[in-house]
Amino acid sequence: MTALKKKPVKGMKDILPAEMQVRDYVTGLIKETYKSFGFSPIETPCVEHIGNLCSKQGGDNEKLIFKIMKRGEKLNLEQAESEADLTDSGLRYDLTVPLSRFYANNANSLPSPFKALQIGSVWRADQPQRGRFRQFVQCDIDILGEAGCLAEIELILATTTLLGKLNFSDFKVRINERRILKAMAAYSGFAEDQYDTVFIILDKMDKIGWDGVKAELLEAGFEEDKIEKYVSMFAEMEKAEDGLGYLEETLADVLEDGVTSNLRTIRESVEATRACRFELVFDPTLVRGMSYYTGTIFEIEMPQFGSSVAGGGRYDQMIGKFTGNHVPACGFSIGFERIITILMEQGFEIPGGPARKAYLVEKKMPAERLCEVLREAKAEREQGTQVLVTLMNKNKKHQKEQLMKEGYTEFREFFNR
């Protein structure tokens with residue numbers, strides 16, 4: 001008989017009790033913090049219509065979908081001529097597409113604007129690495145129906161307040177605007193259908209530097225004079241005392257009115273009311289991969305992780321694809337798994353939790369004596385103590401060491417006598 005496989009599927013992970021306690025604590029803190037900002041918890045199915053998932057809004061994530069075959073009479077393997085004949089749904093790769101469908105379906109039952117909080121697993125057939133799995137938890141807050149920059153301000157404040165409660169500080173919030181990215185490309189002479197290629201290359205700047213960006217743009221077939229005009233703008237902006245002011249003046253003929261003043265309002269409001277220490281910076285090289293972004297975009301970087309641990313932006317056109325009506329929308333997603341990875345590596349201890357006590361009971365204890373132990377455990381639980389009642393092992397030292405890893409700090413031993 002062939003033994004069953006005991007390791008999880010590649011890219012999935014088992015979660016041990018010590019980590020699960022931290023995850024539960026962080027989840028509870030997320031809900032408590034975001035509810036204090038007026039966000040309402042919702043839930044959407046983990047399975048989504050394949051047409052919604054493949055609507056050319058999810059960028060490269062659409063290449064990573066775990067697709068689900070049709071079932072029963074709908075599945076006809078013999079007559080199938082293409083993949084579309086075999087699949088009708090898939091596991092969601094993020095929470096934004098399902099949220100947009102949810103809002104389109106339930107808008108009449110929801111307030112406007114609607115502040116949504118969603119925590120749930122998503123799936124991507126990606127290459128696993130540190131802090132990245134094929135099944136992982138996302139935590140999103142979104143404001144639907146708010147066109148003004150109050151949405152961005154509230155999202156940034158709520159997210160950074162949460163991180164502050166987890167004792168994170170001195171991280172960096174990077175912010176940019178997709179309309180600025182497009183205006184810079186237009187000013188440089190790139191055609192609109194070339195923007196995505198330009199942005200994909202620009203997004204690599206922190207890894208390949210400006211020389212690398214120039215080389216890849218040349219390799220992609222763009223004219224050298226357009227490349228020089230494009231790259232020089234970033235250099236001039238960096239030298240300028242007011243980078244946004246420089247862009248406002250330089251891009252006056254191609255940039256929508258109010259874009260730069262919107263960013264200033266966000267920056268000034270967040271800096272004036274933030275709850276913890278962090279740096280908010282305008283970063284004109286920030287792109288973010290999702291093609292559904294239409295306006296402000298932002299990311300949070302932490303030195304402990306070396307990359308982004310949260311990101312989001314405005315996606316004003318997605319819900320309209322479901323309803324035919326324009327609905328402004330903006331969201332921020334925390335990389336839950338990355339936050340947990342950092343906390344576990346730092347040896348994070350849950351603050352102010354209830355006392356955890358273990359009762360070690362001798363085996364073959366008479367029922368009368370066992371009832372006495374259980375009554376004591378009941379009384380302590382009623383006082384708020386977490387009490388584990390378990391049989392005593394021969395190797396008590398090892399048993400206690402294992403229980404201490406799960407957070408038990410006090411032990412009582414009960415014998416037959």
Side-chain angles (χ1 to χ4, degrees), residues 30-45 48-49 51-53 55-59 92 94-120 122 138-162 173 175-180 182 256-270 273 288 290-299 310-334:
I30 287 170
K31 290 180 179 179
E32 173 190 302
T33 303
Y34 287 164
K35 283 180 181 179
S36 75
F37 278 80
F39 289 91
S40 300
I42 65 163
E43 187 169 313
T44 57
E48 187 57 71
H49 301 292
N52 292 352
L53 295 175
S55 55
K56 296 184 179 179
Q57 300 179 101
R92 62 191 181 193
D94 74 358
L95 298 178
T96 307
V97 173
L99 170 65
S100 297
R101 182 203 50 74
F102 167 92
Y103 185 79
N105 189 43
N106 298 286
N108 291 337
S109 303
L110 300 170
S112 183
F114 179 56
K115 302 177 78 170
L117 161 60
Q118 199 175 179
I119 303 174
V122 300
Q138 275 194 341
C139 172
D140 288 14
I141 46 174
D142 294 80
I143 301 179
L144 311 178
E146 174 59 69
C149 64
L150 179 60
E152 283 89 338
I153 294 166
E154 283 281 277
L155 291 167
I156 294 172
L157 287 175
T159 303
T160 54
T161 297
L162 169 68
V173 180
I175 188 167
N176 196 13
E177 243 279 3
R178 294 284 291 192
R179 288 174 292 182
I180 288 178
K182 291 179 180 180
E256 290 180 35
D257 291 339
V259 172
T260 54
S261 61
N262 213 43
L263 286 177
R264 285 195 182 93
T265 300
I266 294 170
R267 183 171 63 190
E268 291 169 8
S269 301
V270 169
T273 56
R288 293 197 57 76
M290 298 299 193
S291 58
Y292 53 63
Y293 289 126
T294 58
T296 319
I297 49 177
F298 25 74
E299 283 188 354
R314 183 165 284 280
Y315 53 100
D316 287 344
Q317 296 174 4
M318 186 185 291
I319 296 173
K321 294 181 184 297
F322 292 91
T323 64
N325 300 318
H326 176 76
V327 179
C330 195
F332 213 156
S333 178
I334 288 178

Working to the nearest 0.5 Å, report the span between CG of L150 and OG1 of T265.
11.0 Å
What are the two closest non-hydrogen atoms of E152 and I266, and how far apart are they?
CB-CD1, 3.7 Å
How long is the span from the OH atom in Y293 to the CZ atom in R288, to the nearest 0.5 Å?
4.0 Å
Answer whether the closest heavy-atom distance between the side chains of M318 and V97 falls below 4.5 Å.
yes
So do the side chains of I119 and K31 get within less than 4.5 Å of each other, counting heavy atoms only?
yes
Closest approach of C149 to N262 (non-hydrogen atoms, all atoms of both residues):
CB-OD1, 3.3 Å
Any side-chain heavy-atom pair of F322 and N52 under 4.5 Å:
yes
Using a 4.5 Å cut-off on heavy atoms from C-beta on, say whether the side chain of R267 contacts that of I175.
no
CG (D142) and OG (S333) are apart, to the nearest 0.5 Å, by 8.5 Å
Name the orientation class of the two ring planes belonging to Y103 and F114 (parallel below 30°, tilted from 30 to 60°, perpendicular beyond 60°).
parallel
Any chance you could lay out the side chain to side chain contact (heavy atoms under 4.5 Å, CB included) test for L144 and L99, step after step, and finish with the verdict?
CA-CA 10 Å; L144 311 178; L99 170 65; 4.2 Å; yes
Do you know the tightest heavy-atom contact between Q138 and L95?
OE1-N, 3.4 Å
Qualifying residue, where the test is ring pair (Phe, Tyr, Trp, His ring centres under 6.0 Å) with F332 and the options are Y315, F298, F37
F298
CD/E48 to OG/S55 distance, rounded to the nearest 0.5 angstrom?
9.5 Å
Would you please say whether a donor-acceptor pair under 3.5 Å links the side chains of T294 and Q317?
no
Closest non-hydrogen atom pair between I42 and Q118, with its separation:
O-CG, 3.9 Å
Check the pair Y34, I334 against side chain to side chain contact (heavy atoms under 4.5 Å, CB included), reporting the backbone distance first and the verdict last.
CA-CA 12 Å; Y34 287 164; I334 288 178; 3.0 Å; yes
Only residue of V173, L155, V270 satisfying side-chain contact (heavy atoms from CB on, under 4.5 Å) with T160 is V173
To the nearest 0.5 Å, how far apart are NZ in K115 and NZ in K35?
14.5 Å
Euclidean distance, T159 OG1 relative to D140 CG, rounded to 0.5 Å
9.5 Å
To check you understand the geometry: which heavy-atom pair defines the closest contact between E146 and A151, and what is its length?
CG-CB, 3.7 Å
Correct closest heavy-atom pair for G148 and R314 would be O-NH2, 3.2 Å
Quiz question: by atom type and distance under 3.5 Å, do the side chains of R101 and T44 form a donor-acceptor pair?
no
N325 side-chain N/O to G320 backbone N/O, donor-acceptor pair under 3.5 Å
no
